[in-house]
Amino acid sequence: MPWLDAPGRYAAAVRLSRAAGLPGRLPDGLGLAVRVQHADGADRPLDLLLTSSGRGGITRRVPLPRADALGGPYSSLLSYRVGGRHRVLAAFPRRTAQAPVHGDPESLRRTLAAGPLVFDLCAGTSDGSWRPFAVLTVRTALPLPRHESLDFDIYAHSVPGFTPGSALAMTRRAAYRGSRAGRRRA
């Protein structure tokens, strides 16, 4: 796992999303999708899909709606296999913006105009604490048309030694296929 084993910088694409698409000021399940380019060599990306959650032993596995994209952690909810161990992954935002970031494209653009969004990427440990393994810095919004977004798939874009766990794998694979098909029809 070169991107975890040695210090380095990797290009990444990030998508913030709202699960139900509720108006920006209302709490919603928030998503943070990350694609690490060249995570395991050329043409080998790694996707991480995280959902707004809590930080405790139980709440790290529960999706929690929130109105502010920087108001708390995001978690994988289910475990990844990291170096042969099961670990829940999380992103902890560093509060850099004073105003809430509602997770919609316009709020994100305003926030990024004032400075980057920074997240500490962590893996849960067996004693319930979090171990940081990377810092994610988001500097610019991707110039995508309003109704387009990147497709992320943690099963198609994983690397040896860092893979999604098997819990509910079939359900999640079907959900990702359905989500991509729905976005293409919209």
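Bear in mind the structure is a predicted one, so any value in this text is a computation, not a measurement.
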Q.
Going by the rule side-chain hydrogen bond (donor to acceptor under 3.5 Å, both in side chains), which residues pair with His157 if we only count those two or more places apart in sequence or in a different chain?
A. Arg35, Asp47
Q.
Hydrophobic clusters here meaning ILVMFWY residues chained together by side-chain heavy-atom distances under 4.5 Å, can you tell me if Val101 and Leu112 are in one?
A. yes
Q.
Let me check something: do Val34 and Tyr155 share a hydrophobic cluster, defined by ILVMFWY side-chain heavy atoms less than 4.5 Å apart, either directly or through other members?
A. yes
(Q) Could you tell me if the side chain of Ile154 sits less than 4.5 Å from the side chain of Tyr80, heavy atoms only? (A) yes
Q: For Arg87, check salt bridge (Lys or Arg N to Asp or Glu O under 4.0 Å) against everything at least two apart and list the hits.
A: none
(Q) Going by the rule salt bridge (Lys or Arg N to Asp or Glu O under 4.0 Å), which residues pair with Arg60 if we only count those two or more places apart in sequence or in a different chain? (A) none
(Q) Grouping I, L, V, M, F, W and Y whenever their side-chain heavy atoms are under 4.5 Å apart, do Phe152 and Leu117 come out in a common cluster? (A) yes
Q.
With a 4.5 Å cut-off on side-chain heavy-atom distances among I, L, V, M, F, W and Y, is there a chain of contacts connecting Leu121 to Val138?
A. yes
(Q) In the structure I gave you, are the side-chain heavy atoms of Pro164 and Leu78 within less than 4.5 Å of one another anywhere? (A) no
(Q) Going by side-chain hydrogen bond (donor to acceptor under 3.5 Å, both in side chains), name the pairs with one or both residues in residues 61-74, residues two or more places apart or in two chains. (A) Arg61-Ser79, Asp68-Arg95
Q. Will you find, in the side chains of His86 and Arg81, an N or O donor that is under 3.5 Å from an N or O acceptor?
A. yes
**Q.** Interatomic spacing from OG in Ser75 to CG in Leu49 - rounded to 0.5 Å
**A.** 11.5 Å
Q: Identify the heavy atoms of Pro160 and Asp40 that sit nearest to each other, and give their distance.
A: CD-OD2, 3.4 Å
(Q) Are the side chains of Leu32 and Val14 in contact, using a 4.5 Å heavy-atom criterion? (A) yes
Q. Heavy atoms, side chains only, cut-off 4.5 Å: are Leu50 and Ser76 in contact?
A. yes
(Q) Is there a side-chain contact between Asp120 and Val135 in this structure, where contact means two heavy atoms from C-beta onward sitting under 4.5 Å apart? (A) yes
Q) If you look at every heavy atom in Pro45 and Gln37, which pair is closest and at what distance? A) CB-OE1, 4.4 Å
Q | Shared hydrophobic cluster, Val159 / Leu136 (ILVMFWY, side-chain heavy atoms < 4.5 Å) | A | yes
Q: Can you sort out the partners of Thr163 under side-chain hydrogen bond (donor to acceptor under 3.5 Å, both in side chains), two or more places apart, ordered by chain and number?
A: none
Q | Ser158 OG to Arg44 CZ distance, which is reported to the nearest 0.5 Å | A | 6.5 Å
Q) To the nearest 0.5 Å, how far apart are CG in Leu108 and CG in Leu16? A) 5.5 Å
Q.
Applying ring pair (Phe, Tyr, Trp, His ring centres under 6.0 Å), can you list everything that pairs with Phe92, at least two apart in sequence or on another chain?
A. Trp130
Q) In terms of heavy-atom contacts, does CG of Asp127 have more than 12 from other residues, nucleotides or ligands at under 6.0 Å? A) yes
Q. Measuring from His38:NE2 to Leu46:CG, what's the distance to the nearest 0.5 Å?
A. 13.0 Å
Q. Is Ser52 reaching over with its side chain to a backbone N or O of Leu64, donor-acceptor style, under 3.5 angstrom?
A. yes
